[in-house]
Amino acid sequence: MSEPDAPLPLLDYAIISEPFPLYATTGTDDPATALHIVVSNGGGETVYCREIVFSLPQGKLAQSLVEADAGDGQADDWDVVRLQPGTQTVLPSGEYARFQATPKGDDKKKTGVAVDASGLVITLKNLKISSRPGTARIEIREVATTNTDQWPDNPRFTKLALTKFPAPKIPAMAVSDFTADKLEVTAGTSLRLTWNGPSTLDYTVSHGGSAHPVGKQHAYDATIDRDTTFQLSYVTGGTTRYLTTTVTVTNPKLTGLEVDGNVTVIGGAITGSSLSVGSGTITGGSITGTSVNAGSGAITGGSITGSSLSAGSGTITGGSITGTSVNAGSGAITGGSITGTSVNAGSGGITTSGSVTDGGQPFLRRGSQVRIRNSYHSEEGLNEDNKASGGVSLKRVDSGNSRWYWYLDQ
């Protein structure tokens with residue numbers, strides 16, 4: 001669509017792309033491009049302008065600028081619209097995306113406005129650039145004059161060349177700032193991960209053994225229960241690149257824990273379905289487990305509770321020890337209070353400074369005082385005179401017909 005006989009415009013035109021330099025696109029998800037067209041008056045006379053039309057070559061050729069008839073425009077004090085195909089204009093036909101700029105206001109569209117030293121910037125944005133590198137020529141048609149009483153019958157015409165360069169390989173450092181909005185949280189807290197990088201890449205966030213593709217987004221939301229390292233991966237130049245960031249949890253929830261050494265909880269509580277020390281130690285303010293086994297190690301707590309408590313060859317020490325089954329094994333159980341339906345010293349030892357009960361009944365220890373009562377006797381037997389003092393004495397039984405039943409009264 002060359003117009004060699006048309007006069008050149010009265011105004012000067014320069015163009016720059018955003019981003020700059022302008023690259024041929026690599027796919028359908030490439031970021032939209034903007035063109036900033038600077039219109040200025042480099043002459044000595046005032047120029048009045050009432051219309052400028054920009055025609056952008058459309059197609060998939062090297063000389064095409066855009067692949068689709070899309071985009072919109074804006075300028076201060078001017079209306080910039082994209083002309084739809086089939087619009088009645090004096091423009092020749094062809095594959096172009098056309099944008100028309102006119103002064104705001106019906107009167108000014110007829111009379112034009114002065115373009116003086118302040119110039120004019122027209123922006124065409126949201127353009128879909130063609131995928132083939134090459135130089136495209138933007139056609140400019142200008143309706144302008146230096147005398148508002150004499151407007152030209154045909155627009156003035158010129159072209160601006162704009163080159164699309166091959167898209168470069170994206171360097172690894174183009175993706176950066178992978179971080180979470182909270183670096184320390186409590187269990188069950190939601191957090192958001194963000195990063196900077198080109199919108200042409202596909203990203204994947206991995207954590208906890210699972211990969212989560214997020215496409216071309218630059219954010220990912222997650223909820224965690226324990227310290228977690230997040231990994232961001234993407235492919236550029238045929239190579240997979242990685243970034244990582246870690247978020248710590250102040251009160252982690254664990255599905256399992258094995259400690260090769262000592263575990264100490266100060267002023268807190270240790271709770272588990274099955275607690276086994278092995279050869280180490282567990283120390284806590286309160287220790288609770290369905291099964292608590294000291295192994296060859298040691299369990300120490302202010303309160304130790306379990307359906308089954310076993311010292312093994314180690315030790316269990318607590319201010320209060322309670323279990324359906326309490327077994328010292330070959331080790332030792334020491335507590336201020338020890339309670340169990342079944343309490344077994346095994347070949348070890350059970351020591352308490354308080355009371356020891358089994359099924360709610362107390363155990364006797366050396367030095368305990370008891371009271372004995374006689375249920376039935378005939379002839380000689382219990383000395384009733386000593387009953388009140390808690391002591392007992394047995395006399396010789398002469399009757400072969402005597403029967404004796406003895407009970408602990410207290």
Side-chain angles (χ1 to χ4, degrees), residues 1-18 20-22 33-58 63-66 69-85 87-127 129 135-164:
M1 186 195 290
S2 63
E3 297 179 14
D5 297 331
L8 293 174
L10 297 176
L11 299 172
D12 296 323
Y13 295 86
I15 189 169
I16 190 171
S17 65
E18 183 184 350
F20 177 83
L22 182 63
T33 299
L35 299 180
H36 303 289
I37 304 170
V38 179
V39 184
S40 57
N41 182 359
E45 294 183 86
T46 299
V47 175
Y48 299 90
C49 183
R50 64 185 185 189
E51 181 186 67
I52 308 172
V53 176
F54 303 95
S55 299
L56 282 53
Q58 176 188 337
Q63 60 264 38
S64 303
L65 180 62
V66 294
D69 185 6
D72 54 305
Q74 68 88 26
D76 292 341
D77 300 324
W78 284 64
D79 292 323
V80 182
V81 297
R82 180 167 55 87
L83 298 176
Q84 299 297 325
T87 302
Q88 295 297 320
T89 66
V90 296
L91 299 174
S93 60
E95 292 296 323
Y96 290 86
R98 296 187 174 92
F99 296 84
Q100 180 189 54
T102 56
K104 289 183 179 295
D106 293 339
D107 293 340
K108 293 180 179 179
K109 292 184 190 304
K110 296 177 181 179
T111 61
V113 295
V115 180
D116 49 24
S118 60
L120 170 67
V121 177
I122 298 173
T123 298
L124 308 180
K125 54 187 179 180
N126 298 322
L127 304 176
I129 301 301
T135 298
R137 288 174 172 80
I138 299 173
E139 298 182 357
I140 300 175
R141 291 173 174 81
E142 171 197 279
V143 179
T145 184
T146 56
N147 183 352
T148 55
D149 293 331
Q150 296 180 352
W151 289 94
D153 295 332
N154 295 306
R156 299 173 180 273
F157 178 82
T158 191
K159 293 182 180 181
L160 285 180
L162 186 61
T163 300
K164 300 164 293 164

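Model, not experiment: these values are computed from the prediction.
A side-chain donor-acceptor contact under 3.5 Å links N41 to the backbone of E45. Not one N or O on the side chain of R141 forms a donor-acceptor pair closer than 3.5 Å with the backbone of S55. In this structure, the side chain of R156 engages the main chain of L8 through a donor-acceptor pair within 3.5 Å.
For R82, the CZ atom is densely surrounded, since the number of other residues' heavy atoms within 6.0 Å is greater than 12.
Remark: L120 CG to C49 SG distance equals 8.0 Å, nearest 0.5 Å. The OG atom of S64 sits 9.0 Å away from atom CD of E95, with the distance rounded to the nearest 0.5 Å. Here the straight-line distance linking atom OG1 of T123 with atom CH2 of W78 works out to 14.0 Å at 0.5 Å rounding. A distance of 5.0 Å separates CD1 in I15 from CG in L162, rounded to the nearest 0.5 Å. The line from CZ of R50 to NZ of K110 is 10.5 Å long, rounded to the nearest 0.5 Å. Note that the CD1 atom of I140 and the NZ atom of K159 stand 11.5 Å from one another [nearest 0.5 Å].
Using a 4.5 Å cut-off on side-chain heavy atoms (C-beta onward), I52 and Y13 make contact. The side-chain heavy atoms of L160 and F54, taken from C-beta on, include no pair separated by under 4.5 Å. The closest side-chain heavy-atom distance from L65 to L22 is below 4.5 Å. Proximity of L127 to F99: side-chain heavy atoms (C-beta onward) are separated by under 4.5 Å at one or more points. Y96 is not listed as a side-chain neighbour of Q58, based on a closest heavy-atom distance of 4.5 Å or more.
Using modelled atom types and a 3.5 Å distance limit, the side chains of T145 and N147 yield no donor-acceptor pair.
The nearest pair of heavy atoms linking Q100 to V53 is CG-CG2, 4.2 Å. The heavy-atom pair separating F157 from P9 by the smallest distance is O-CD, 3.5 Å. Closest approach of A144 to E142, counting heavy atoms only: CB-OE2, 3.4 Å. The minimum heavy-atom distance between A6 and P155, with the atom names listed, is CB-O, 4.1 Å. Smallest separation of non-hydrogen atoms from I122 and A101: CD1-CB, 3.8 Å. Closest of all the heavy-atom pairs between K109 and D79 is NZ-OD2, 3.0 Å.
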inquiry  = Could you walk me through whether K125 and D72 satisfy the side-chain contact (heavy atoms from CB on, under 4.5 Å) test, starting with their C-alpha distance in whole Å, then the side-chain angles of each, then the deciding distance to 0.1 Å, before giving a yes or no?
reply    = CA-CA 6 Å; K125 54 187 179 180; D72 54 305; 3.3 Å; yes
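Looking at D77 and K104, no side-chain N of the basic residue comes within less than 4.0 Å of a carboxylate O on the acidic one, giving no salt bridge.
Under the side-chain hydrogen bond (donor to acceptor under 3.5 Å, both in side chains) criterion, T46 pairs with no residue, sequence neighbours left out.
The only member of L56, T33, L35, L124 that meets side-chain contact (heavy atoms from CB on, under 4.5 Å) when paired with V66 is L56.
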